[in-house]
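To start, the structure under review is shown below, and the notes come after it.
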There are 2 protein chains.
Amino acid sequence: MRTTRAGLADVARRAGVSPATASRVLSGSGPASPASRAAVLAAAEQLDYRPHPVARQLAGGSGSRVVFAVRDERADILRDPFVTRATAAMAAALLPYAMGVALRHVGLDCAADLDELAGDRGLAALVLAGHDRAMPAALPPRLRGRTAVIGAGGADVDSAAGVGVLLTHLYLLGRRRIALIAGPAWLAASAAPVAAYRELTRSAGLPARIVRGDFTSARGRVAARAVLRRWPDTDAIATVSDATALGALQALAGLGIRVPDDVAVTGFDDVPLASAVSPALSTATHPVEEIAAAAVRSALGEVVPVTLFPSSPVFRATA
Amino acid sequence: MRTTRAGLADVARRAGVSPATASRVLSGSGPASPASRAAVLAAAEQLDYRPHPVARQLAGGSGSRVVFAVRDERADILRDPFVTRATAAMAAALLPYAMGVALRHVGLDCAADLDELAGDRGLAALVLAGHDRAMPAALPPRLRGRTAVIGAGGADVDSAAGVGVLLTHLYLLGRRRIALIAGPAWLAASAAPVAAYRELTRSAGLPARIVRGDFTSARGRVAARAVLRRWPDTDAIATVSDATALGALQALAGLGIRVPDDVAVTGFDDVPLASAVSPALSTATHPVEEIAAAAVRSALGEVVPVTLFPSSPVFRATA
DNA sequence: CTGTTAGCGCATTCAC
DNA sequence: GTGAATGCGCTAACAG
């Protein structure tokens, strides 16, 4: 049993080449003859060589961790199901990179926080969520090229299409007075669903009933009550988050309104327990794991195709 | 504007001491005279010095990331609400350490995986969840002292007391035929709640009705149906996970059984949406953020008091 | 208590 | 295509 792990020097020696050559073939960059390439690979195999991630990061100057910065008014956004799920997904995606993710909250006015992050030499990349339209352009120079964004303009779900399908479904169900509990106005990602809603209601000749929410169920309760107070004949409520939808369901239950008989409800995101509530929530499911992984890879400099991720409707009991 | 960040050498030069002394005071370890300490601190302040985490980790040989390994039969345990929440909490707790967390699943038989982790020189610490009783003792030597465990024997919630309070509550509600949907038998953390249940039913002269579940709502549905088939007069179902409880609620709804009138139900953990379902779930809330932070700190070698974290009942609508 | 001397393990200039 | 130096930024061992 070897007491200490084989290093690059050991591999090089065994392969009969210099450490530089060994480094070139093992790190995949730089020229190398087929012969020495094979020798190095074989030696690495035999010695069970594993590069030392930290040394590699120091020498390469790349930093060792990804920071996931979530912008929101509330600090407890870090407990939001979407945030925890995305964080876990990044943590899983970073495993093969020998890196990890750190999580932090930043307020709506976060220029100073971003500057601080820009000065962190241990930072490999930054993933940002909760941005508004102006932020990506206002990033500190040092962060440029190593920042990815989750939501509008970055790794994003096709929320316009997703909400569109849900709204269409409600329409086909015979609903004609559909309200939307939208996301907060300061959030860039809020725009697409609202646009989709406006477009569909306009073209179908339906009234537009929009109320702002956030991503909490408490706000969903309040918003649903507001909707029914203002437009008592509402027969469907679409939302842009499951938490909001569940809050709305509670409000409706409290008002003695039957779901979906009197009012249909749709969520968005398909949180883990959306299928486990009763009535089970109709919503749209999103590949959050893939989105988070794409964001991480993009932030780390890989070129990932900038496609919108699909939003697939899941029709359960509430709509 | 300085084009490159101040390094330790710059600080030392400005403070009129050697880099070694500067390192000693800035890293907090090693002796230093009050005079040079003050000088170094002042210089660091003026230069806005930030240590380079990666260099520090390389020189110190400490590794740069924490791996959270979750042991379970299913690979999609990584999407479990508790796991994602704990992962996010660790990611947040690691921010000040300039480290990050990576997430990985390991199967029930994970000796090989642990060996592989032991060979990773970038690993600062390991946090393990889903262990059985034998695992902590069977850890590879290299992992010793830098591994912490979440659940029985490590950073754990006082689940015996927590379940005990819930059961007592059910008893005080007049329930006398209380079933328990327990955790999987291979899990060390499953033991305490079962013991508490057995103790309480025995001392109160109640029948013991135990069924095994896991942490999915699907299994909760099945288990609840099994309970009612086997003991049709059951008037309460206690569980050890909210997902299980929500599954049970669905099963009961499907059978036309009223909650809590006919059968009361309790969950465990207070997932974000437990309060947002209707009927709202009675459960116990746990400081997962603190637990995860304690696990991380412990794994990194800090001495954290080994206390059980409190389990606080939250009585809502289902019990 | 302090400075000097060596590395930590690898990537990357350069010459050859 | 290859090897010999040099450096990444800091900590740790030693001698003073």
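Side-chain atoms are counted along with the backbone in the values below, which use heavy atoms only and exclude waters and symmetry mates. The model shown is predicted, which means the values in this text are computed figures rather than measured ones.
Sorted by first and then second residue, the side chain to side chain donor-acceptor pair (under 3.5 Å) pairs involving residues 95-108 of chain B (not counting sequence neighbours) are B:Y97-B:E302, B:R104-B:D113. Among residues at least two apart or in separate chains, ring-ring contact (aromatic ring centres under 6.0 Å, His included) pairs with a member in residues 285-311 of chain A are A:F268-A:H286. Sorted by first and then second residue, the side chain to side chain donor-acceptor pair (under 3.5 Å) pairs involving residues 146-155 of chain A (not counting sequence neighbours) form an empty list. The stretch residues 147-157 of chain A participates, sequence neighbours left out, in no salt bridge (Lys or Arg N to Asp or Glu O under 4.0 Å) pair at all. Annotation: salt bridge (Lys or Arg N to Asp or Glu O under 4.0 Å) contacts involving residues 23-44 of chain A, sequence neighbours excluded, are absent.
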Next item on the list: Kindly express the pairing pattern of DNA chain C in dot-bracket notation, using | wherever a base pairs with another strand and counting only Watson-Crick or G-U pairs under 3.5 Å.
Entry: ||||.|||||||||||
Could you list the donor-acceptor pairs under 3.5 angstrom formed between side-chain atoms of residues 51-64 of chain A and any protein atom two or more places apart in sequence or on another chain?
from  : atom 1 : to    : atom 2 : distance (Å)
A:Q57 : NE2    : A:A98 : O      : 3.4

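The nearest whole Å value for the distance from the NE2 atom in B:H52 to the C1' atom in D:dG7 is 13 Å. One interatomic measurement links the two molecules: CZ of A:R13 to P of D:dG3, which rounds to 14 Å at whole-angstrom precision. Regarding B:L8, its CG atom lies at a distance of 15 Å from the C1' atom of C:dT2, rounded to whole Å. Rounded to a whole Å, the CZ atom of A:R5 is 12 Å from the P atom of C:dG9. Atoms CG (A:L47) and C1' (C:dC10) sit 16 Å apart, rounded to a whole Å. To the nearest angstrom, P of D:dC8 lies 11 Å from CG of B:D10.
Distances shorter than 4.0 Å separate some side-chain N or O of B:S36 from OP1 or OP2 on C:dT2. Checking the phosphate oxygens (OP1, OP2) of C:dG3, a side-chain nitrogen or oxygen of B:T21 falls inside 4.0 Å. Taking only side-chain nitrogens and oxygens, A:Y49 comes nearer than 4.0 Å to OP1 or OP2 of C:dC10.
Listed by chain and number, the residues in a side-chain hydrogen bond (donor to acceptor under 3.5 Å, both in side chains) with B:D120 are B:R65 (sequence neighbours excluded). By the salt bridge (charged side-chain N to carboxylate O under 4.0 Å, His left out) test, A:R71 is found to be paired with A:D132, residues two or more places apart in sequence or in another chain being considered. Partners of B:R74 by side-chain hydrogen bond (donor to acceptor under 3.5 Å, both in side chains), not counting sequence neighbours, listed by chain and number: B:D76.
Within residues 23-33 of chain B, the residues having any heavy atom under 4.0 Å from DNA chain D are, by residue number, B:S23, B:R24, B:S27. Contacts of residues 55-62 of chain A with DNA chain C (heavy atom under 4.0 Å): A:A55, A:R56, A:A59.
Looking at heavy-atom distances under 4.0 Å, A:V54 makes no contact with the nucleic acid at all. Within the nucleic acid shown, B:P51 comes within 4.0 Å of sugar-phosphate atoms alone, with no base atom in reach, counting heavy atoms only.
Of the possible donor and acceptor atoms, one in the side chain of B:S27 sits under 3.5 Å from a partner among the backbone N and O of B:S23.
With contacts defined as side-chain heavy-atom distances shorter than 4.5 Å, the pair A:L103/B:T87 does not qualify.
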